[in-house]
Amino acid sequence: MKLGITKYGLIALLLMISFSLSAQKEVRQNVRKGNKAYNEQKYSEAVRYYQQAIKINPQSKEANFNLSNALYRQNEWDKSIEQMNHYLTIEREDPIKMASAWHNIGNALLHKKDIEKAIEAYKNALRINPDDEETRYNLAVAQKMLKDQQDTSDKQDQNDQQQQQNQDQQQQQQQPPQDKKEKRPEEQNAPEQMSRDNARQLLQAIEQDEKETQEKVQQIKAQEREKQAQENRRQNKDW
């Protein structure tokens with residue numbers, strides 16, 4: 001038994017087709033208006049038309065791609081990158097468009113000074129479309145920028161190191177010099193040298209002791225002579 005379409009079913013199908021065609025027409029109109037505003041450098045107006053088109057049909061590839069570019073022209077790098085990444089989730093058929101999307105992401109990242117990620121984006125574009133000379137040129141520019149940045153960083157590190165060494169030398173030069181009379185470590189156990197005053201005093205003490213000793217000797221000798229004279233007087237009486 002064949003199943004037929006009822007009268008009401010046919011009307012509903014026709015309405016759906018009519019609504020779809022009307023929606024597609026409205027999307028195309030908004031995209032065309034957005035493109036016109038974009039070409040006139042009215043980027044805010046272009047953004048508004050592309051967003052209206054996406055609201056009707058979120059899978060509109062042209063509206064999503066062009067919206068990212070309009071955001072890029074307003075220097076809204078993060079939003080542009082986010083929108084282009086969304087475009088890459090719905091574009092799976094056109095390698096040229098996919099490569100262009102990665103190229104534009106690389107440009108936005110380069111404006112953000114995120115050079116390493118920009119290089120990766122350009123490489124992704126070239127993996128898809130190796131013949132894109134514009135992307136190859138931008139990749140070379142980004143790689144040169146990264147090398148210059150690294151060279152500058154290395155030079156700055158060397159300058160900082162040299163500056164630190166100079167500061168250390170200046171601090172050492174500013175330290176007060178050591179007293180010349182201060183003993184060196186290897187001389188700590190050496191006997192102390194006698195000063196001239198101490199030596200003179202010691203010599204005087206020795207000379208004084210010697211003088212006193214001689215005086216005592218003379219006194220003893222004088223006493224012995226006196227005693228001997230007395231003895232002699234006792235033995236030889238005077239007449």
Considering non-hydrogen atoms only, spot the tightest contact between [X] and [Y] and give its length.
X    : Y    : answer
S80  : S68  : O-OG, 2.8 Å
N64  : Q59  : ND2-C, 4.3 Å
R127 : N124 : NH1-OD1, 2.5 Å
I90  : P58  : CD1-O, 4.4 Å
D132 : T135 : OD2-OG1, 3.0 Å
V31  : A63  : CG2-CB, 4.0 Å

Within a reach of under 6.0 Å around [atom1] of [X], are more than 12 heavy atoms found that belong to other residues, nucleotides or ligands?
X   : atom1 : result
K42 : NZ    : no
E40 : CD    : yes
E82 : CD    : no

Are [Y] and [X] linked, directly or through intermediate hydrophobic residues, by side-chain heavy-atom contacts shorter than 4.5 Å (ILVMFWY only)?
X    : Y    : value
I81  : I115 : no
L139 : W102 : no
Y137 : L126 : yes
L71  : I105 : no
L109 : M98  : yes

Are any non-hydrogen side-chain atoms of [X] and [Y] less than 4.5 angstrom apart?
X    : Y    : value
R28  : K25  : yes
L110 : M145 : yes
N35  : E62  : yes
I54  : H86  : no
N69  : M84  : yes
Q83  : Y72  : no
L146 : I119 : yes
E134 : H103 : yes

Report the distance from atom [atom1] of [X] to atom [atom2] of [Y], rounding to the nearest 0.5 Å.
X    : Y    : atom1 : atom2 : answer
Q143 : K123 : CD    : NZ    : 6.0 Å
K33  : E45  : NZ    : CD    : 9.5 Å
Y49  : S44  : OH    : OG    : 12.5 Å
N129 : R136 : CG    : CZ    : 9.0 Å

Any idea how H111 and W77 line up, ring-wise: parallel (<30°), tilted (30 to 60°), or perpendicular (>60°)?
->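 H111 and W77: parallel rings.
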Is there a donor in the side chain of Y122 and an acceptor in the side chain of N107, or the other way round, less than 3.5 Å apart?
->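 Side-chain D/A pair, Y122 to N107: present.
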Can you check whether [Y]'s main-chain N or O pairs, donor with acceptor, with [X]'s side chain at less than 3.5 Å?
X    : Y    : value
T152 : D148 : yes
E91  : E93  : yes
Y43  : Q74  : no

K147 bridged to D151 by N-O distance under 4.0 Å =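 Yes, this pair counts.
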